[in-house]
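Only a predicted model underlies this, so the values are computations on that prediction, with no experimental measurement involved. Convention: sequence-line order gives letters A, B, ...; per-chain numbering from 1.
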2 protein chains.
Amino acid sequence: MSNKPNAREAIVDTASRLFFTQGYHATGLNQIIKDSESPKGSLYYYFPHGKEELALTCINRTSEEVARLLRHYMESEAVPAQAVQNFIMSMANEAEKSSFEGLVPFSFWVAVETSCVSHELRTACQCVFRDWQDIIAKRLIREGVQEETAECKASVVVSLFEGALLQALTCRNIQPLEAAAECIPAILA
Amino acid sequence: MSNKPNAREAIVDTASRLFFTQGYHATGLNQIIKDSESPKGSLYYYFPHGKEELALTCINRTSEEVARLLRHYMESEAVPAQAVQNFIMSMANEAEKSSFEGLVPFSFWVAVETSCVSHELRTACQCVFRDWQDIIAKRLIREGVQEETAECKASVVVSLFEGALLQALTCRNIQPLEAAAECIPAILA
DNA sequence: TTTATTATGTAGACCAATTGTTATAATGGT
DNA sequence: ACCATTATAACAATTGGTCTACATAATAAA
């Protein structure tokens with residue numbers, strides 16, 4: 001009872017997990033409907049444009065989720081460098097806890113993959129990176145950093161984190177993330 | 001005449017380009033044989049184990065190619081930071097020149113994708129990252145940096161570069177790479 | 001030197017399985 | 001009766017992979 005729109009939620013949940021751990025092309029619609037225990041009819045009922053629309057939804061939803069988390073960490077520390085370090089290490093712990101198999105929402109390497117699919121998906125991924133960068137930059141500006149410098153450093157933080165996550169997932173080891181966190185103060189100084 | 005093993009070369013060349021720009025799963029065998037103008041018979045003659053064996057060959061070959069390039073840049077400058085900066089900016093120019101569509105061999109985000117395919121591919125990608133890191137670390141150690149610190153900083157450089165490349169390819173803009181290069185001295189100091 | 005024999009590649013038709021997608025029928029609550 | 005949702009079956013297209021036929025070149029036997 002009262003299972004009104006939870007089929008949609010189940011689909012988006014599992015699809016997000018699969019897209020971000022396996023990749024867009026590696027994830028089949030059949031696997032999504034099997035894992036989410038939802039019928040294929042529902043998938044095309046909620047996402048008439050199919051896989052691409054579903055992916056777009058997953059990207060936007062995950063992006064917002066992460067932005068919220070990032071904002072939380074950036075606000076809850078007096079020193080920006082410490083905030084970023086906490087954020088990175090929390091993600092590292094999360095990844096390790098799930099044996100590098102769970103949804104590590106920041107791992108946006110799907111961006112390049114989906115960029116080849118359609119212009120719409122590429123634009124969505126662009127926005128994701130820009131949003132994250134903005135959150136960090138705004139915090140730095142508030143600290144008195146000049147705007148242009150802040151944008152630049154925020155971009156570096158995002159890049160470093162994405163790259164470290166890529167290495168960590170490949171090697172199934174949080175060491176690259178630890179090294180990244182350690183270097184943050186030197187970058188933001 | 002004398003066209004002995006150039007079919008193999010053609011296959012590996014085009015397959016590398018496609019794998020590293022589109023991704024492993026997004027690249028079909030049919031596209032490879034069409035683009036390389038080689039018949040499927042030849043593909044399975046040179047790579048009896050199919051797609052996976054071909055991918056392994058592409059990864060190893062590209063990895064060595066990049067390692068050679070990286071080594072070249074690391075040797076040809078007196079100051080390590082300057083060497084890394086030159087390397088990053090040369091890659092940025094290369095990417096821009098091809099409108100972000102050519103083979104940007106450093107973009108190893110396929111690593112995560114292929115990591116899901118087989119243990120063998122994952123191990124290969126791990127080795128790639130370790131090799132690149134070693135090249136940078138050795139140069140830093142030669143400069144008098146302590147071994148452990150050197151390893152850590154080398155890992156950061158690799159992460160930062162990979163992440164910046166990810167952003168650059170997504171946004172079709174070299175700005176993230178420029179920002180990354182600018183930060184290198186602060187990291188290696 | 002001519003003739004067999006065997007490697008080495010090329011060429012592409014063919015295969016079962018799966019892909020994303022569509023269409024239509026059946027459900028069930030209001 | 002209505003409408004939102006679910007449930008199937010089928011769709012063409014493509015996937016990675018196998019198979020056999022064929023050409024050429026190298027080697028061995030006569």
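- OP1 or OP2 of C:dG12 has not a single side-chain nitrogen or oxygen of B:Tyr44 nearer than 4.0 Å.
- Between the side chain of A:Thr27 and the backbone N or O of A:Leu18 there is at least one donor-acceptor pair closer than 3.5 Å.
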Validation: residues 134-148 of chain A side-chain donor-acceptor distances under 3.5 Å, sequence neighbours left out:
unit_1	atom_1	unit_2	atom_2	d
A:Arg139	NE	A:Met74	O	2.8
A:Arg139	NH1	A:Glu143	OE1	2.5
A:Arg139	NH2	A:Glu77	O	2.7
A:Arg139	NH2	A:Ala78	O	3.1
A:Arg142	NH2	A:Glu75	OE1	3.3

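- Looking at heavy-atom distances under 4.0 Å, A:Gly41 makes contact with a base.
- Checked against salt bridge (Lys or Arg N to Asp or Glu O under 4.0 Å), A:Arg172 has the following partners two or more places apart in sequence or in another chain: A:Glu101.
- Residue pairs meeting the salt bridge (charged side-chain N to carboxylate O under 4.0 Å, His left out) criterion with at least one partner in residues 29-45 of chain B, sequence neighbours excluded, are B:Arg17-B:Asp35.
- The ring-ring contact (aromatic ring centres under 6.0 Å, His included) check on A:Tyr73 picks up A:Phe87, with sequence neighbours excluded.
- In this structure, B:Glu9 places its CD atom 17 Å from C1' of C:dT10, rounding to the nearest Å.
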Dot-bracket notation for DNA chain D is requested: 5' to 3', Watson-Crick or G-U wobble pairs only, both distances under 3.5 Å, with ( ), [ ], | and . as defined.
||||||||||.||||||||||||||||||.
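- Side-chain to base pairing of A:Lys40 with D:dT6: no donor and acceptor N or O lie closer than 3.5 Å to each other.
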Produce a footprint string for nucleotides 25-30 of chain C: one letter per nucleotide, 5' end first; B if the base is under 4.0 Å from any protein heavy atom, S if only the sugar-phosphate is, - if neither.
------
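- For residues 179-189 of chain A, no pair satisfies salt bridge (charged side-chain N to carboxylate O under 4.0 Å, His left out), with sequence neighbours left out.
- In this structure, A:Lys34 places its NZ atom 16 Å from P of D:dA7, rounding to the nearest Å.
- To the nearest angstrom, P of D:dT8 lies 16 Å from CG of A:Leu43.
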Donor-acceptor contacts, no H, no angles, side chain residues 118-130 of chain A, under 3.5 Å, sequence neighbours left out:
unit_1	atom_1	unit_2	atom_2	d
A:Ser118	OG	A:Glu52	OE2	2.8
A:Ser118	OG	A:Glu120	N	3.4
A:Ser118	OG	A:Leu121	N	3.2
A:Arg122	NE	B:Thr170	O	3.1
A:Arg122	NH2	A:Gln126	OE1	3.1
A:Thr123	OG1	A:His119	O	2.8

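- Remark: the A:Asn60 side chain and the A:Glu64 side chain contain no N/O donor-acceptor pair separated by less than 3.5 Å.
- Across the protein-nucleic acid pair, B:Glu53 atom CD and D:dG16 atom C1' stand 14 Å apart, rounded to whole Å.
- A close approach under 4.0 Å does not occur between any side-chain nitrogen or oxygen of A:Tyr45 and OP1 or OP2 of D:dA7.
- By the side-chain contact (heavy atoms from CB on, under 4.5 Å) test, B:Thr57 pairs with B:Arg8, B:Val12, B:Phe47, sequence neighbours left out.
- Put simply, CD1 on B:Ile11 is 11 Å from C1' on C:dT10, counting in whole angstrom units.
- In this structure B:Glu178 satisfies the side-chain hydrogen bond (donor to acceptor under 3.5 Å, both in side chains) test with no other residue, sequence neighbours excluded.
- Rounded to an integer number of Å, the gap from A:Ile33 CD1 to C:dT21 P is 13 Å.
- Side-chain N/O atoms of A:Ser42 include none lying less than 4.0 angstrom from OP1 or OP2 on D:dT5.
- Listed by chain and number, the residues in a side-chain contact (heavy atoms from CB on, under 4.5 Å) with A:Ala15 are A:Phe19, A:Ile32, A:Leu54, A:Cys58 (sequence neighbours excluded).
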Nucleotide N/O of nucleotides 13-15 of chain D paired with protein N/O under 3.5 Å:
unit_1	atom_1	unit_2	atom_2	d
D:dT15	OP2	B:Asn30	ND2	3.0

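- Rounding to whole angstrom units, CD of residue B:Glu52 and C1' of D:dG17 are separated by 14 Å.
- Two residues are said to be in side-chain contact when any heavy atoms from C-beta on lie closer than 4.5 Å; B:Glu151 and B:Gln133 meet this criterion.
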